[in-house]
Amino acid sequence: LTNFSGDQHAWPLYLTIGNIRKDIRRTPKKRAWILVGLIPCPPKGAKNTDEAWHSAVGTVLSPLRNLDITGPGLKWDCADGFQRQCYPLLAAWVGDYPEQVMVAQVSYGSCPMCEIPKGAPMGHSTFRPLDNSRDQHIYSELLEDNNIDALHTLGVHPIRNQFWQYPLCNVYRLWQPDELHQLLLGLVKDLLHWLLKYLKARNLKDQFDNRFTSVPRYPGLQHFSKPFDSLKSGTWQGKEIRGMIRTLAVNCAPILDCSKDDGKTAAENASDEMVMGAVRALCEFSLLVSQQNHSDLSLIALDSALKRC
């Protein structure tokens, strides 16, 4: 949000094009993004805020919605001095989870990309057993048939999403990978909560906390003086999670080592091995994702780590 004098707030809407290199696009001084609108923020307690936001964004982006993809397109001046026929399409949307929920018009807690309910194991939905991905055409048909219960079951608001009208645009496929919110503050943070519950059930948490807070100070490594669960949840942000993930596997390996004969049962050895495998795989995946450039070899390593998670 952009704050003005007094209590005035606005929601800035920026636009860029897809053929700009990411290292240029993410550098503010390159000015690869342009401000196309400032959407006023409604006061607290206001009703129908999502519909008002969609209406405002629809007004700003109406030239994209009204584009005839079968027509001649638009003539744009390019940087090399030539004019080219272009077809501007809405191809991606960068935003955090609350904004994704509002754009996709799904209930909070639902996935904006698939129909798997929150907290449910990976599986198939009741309505579409062969594919869990969201389909705006099916939702449009359910809305025309006034099948409100089915839409609520799928976590979709029973209103017509204005992004369905944009040519060649799938509102449920607009989202770009977000390392901070989806990986570090999502999967990795949830992994640590799950890991601490497992270690506590195995009476190993004290050993882990001692190792976690005993990592020596060294350039490139972050030192933590307190255990993870002794701090408030909001204290752990992207910087802290990145520092923690570098030493997490090393801290867990001696505790979950299955090669030592320390009186553990076969079931405990098997569960420790599975947990350590998941921790190592997600640590490898997180560290590989943070690279600025990728090759075929790194992509193969990413795919291998993801399959082992």
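Position 1 is the first residue of the sequence, and the numbers go up from there.
With a 4.5 Å cut-off on side-chain heavy atoms, V103 and Q100 do not count as touching. Looking only at side-chain heavy atoms (C-beta outward), Q162 and V57 come within less than 4.5 Å of each other. Inter-residue side-chain proximity for M113 and S133 is flagged as unmet; no heavy-atom pair is nearer than 4.5 Å. Looking at heavy atoms from C-beta onward, S110 lies out of side-chain contact with V101 at the 4.5 angstrom threshold. You'll find the side chain of L143 stays beyond 4.5 Å of the side chain of V156, heavy atoms only. Put simply, the side chain of N210 does not reach to within 4.5 Å of the side chain of Q207, judged on heavy atoms. Using a 4.5 Å cut-off on side-chain heavy atoms (C-beta onward), L183 and S286 make contact. Side-chain contact between I245 and L287: present, with at least one pair of heavy atoms (C-beta onward) separated by less than 4.5 Å.
N170 contributes a side-chain N or O that, together with a main-chain N or O of Y172, makes up a donor-acceptor pair within less than 3.5 Å. Side-chain atoms of R134 come within 3.5 Å of backbone atoms of C111 as a donor-acceptor pair (strictly under, hydrogens ignored). In this structure, R65 contributes its side chain and G58 its backbone to a donor-acceptor pair below 3.5 Å. Between the side chain of S304 and the main chain of I300, no donor-acceptor pair closer than 3.5 Å is present. Side chain of H223 to main chain of V215: a donor-acceptor pair is present (N/O by atom type, distance under 3.5 Å, no hydrogens or angles). A donor-acceptor pair under 3.5 Å is absent between the side-chain atoms of Q182 and the main chain of L187, judged by distance alone. With hydrogens and angles disregarded, a donor-acceptor distance shorter than 3.5 Å links the side chain of T16 to the backbone of A32. In this structure, the side chain of S271 engages the main chain of A267 through a donor-acceptor pair within 3.5 Å.
A single hydrophobic cluster is seen to contain both M102 and V60, as judged by linkage of ILVMFWY side chains at heavy-atom distances under 4.5 Å, directly or through other members. Under the 4.5 Å side-chain contact rule for hydrophobic residues, I34 and I24 do not share a cluster. Under a hydrophobic clustering in which Ile, Leu, Val, Met, Phe, Trp and Tyr are joined whenever their side-chain heavy atoms come within less than 4.5 Å, directly or via other members, L89 and W93 fall into different clusters.
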Handout entry: Steps toward side-chain contact (heavy atoms from CB on, under 4.5 Å) verdict (R242, L184)
Key = CA-CA 7 Å; R242 286 190 184 94; L184 298 179; 3.5 Å; yes
Practice task
Take Q83 and D77, measure what side chain to side chain donor-acceptor pair (under 3.5 Å) needs, and give me the verdict at the end.
Solution key: CA-CA 5 Å; Q83 280 193 343; D77 295 326; 3.0 Å; yes
Practice task
Tell me, with the steps shown, if C252 and L195 meet side-chain contact (heavy atoms from CB on, under 4.5 Å).
Solution key: CA-CA 10 Å; C252 292; L195 176 63; 3.5 Å; yes
Exercise for the section: Would you check, one step at a time, whether the test side chain to side chain donor-acceptor pair (under 3.5 Å) holds for S62 with T59? Expected result: CA-CA 5 Å; S62 58; T59 301; over 6 Å; no
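Atoms CD and CG, on E115 and L154 in that order, are 4.5 Å from each other to the nearest 0.5 Å. Note that CG of L256 and CG of N269 are 10.5 Å apart. Values are rounded to the nearest 0.5 Å. Between the SG atom of C86 and the CG atom of L74 there is a distance of 7.5 Å, given to the nearest 0.5 Å.
Note on ring orientation: taking the six-membered ring where Trp is involved, the planes of W53 and W11 are tilted (angle from 30° to 60°).
Ring centroids of F224 and F212 are separated by less than 6.0 Å, placing the two rings close together.
Sequence neighbours left out, the pairs with a member in residues 10-22 that pass salt bridge (Lys or Arg N to Asp or Glu O under 4.0 Å) are R21-D23. For residues 67-89, there are no ring pair (Phe, Tyr, Trp, His ring centres under 6.0 Å) pairs, not counting sequence neighbours. Contacts classified as salt bridge (Lys or Arg N to Asp or Glu O under 4.0 Å) and involving residues 265-284 (residues at least two apart or in different chains) are given here: R202-E268, R202-D272, K264-D272, R280-E284, E284-R308. Applying the salt bridge (Lys or Arg N to Asp or Glu O under 4.0 Å) definition to pairs two or more places apart or across chains, those involving residues 208-221 are K205-D209.
Hydrophobic cluster membership of L297, counting Ile, Leu, Val, Met, Phe, Trp and Tyr whose side-chain heavy atoms lie under 4.5 Å apart directly or via other members: none, as it forms a cluster of its own.
More than 12 non-hydrogen atoms from other residues, nucleotides or ligands lie less than 6.0 angstrom from CG of D145.
Counted by atom type alone, R160 and S140 present one or more donor-acceptor pairs between their side chains at under 3.5 Å.
The ring pair (Phe, Tyr, Trp, His ring centres under 6.0 Å) check on Y166 picks up F163, with sequence neighbours excluded.
Contact record, A56 with I39: CB-CG2, 4.0 Å, taken as the closest heavy-atom pair.
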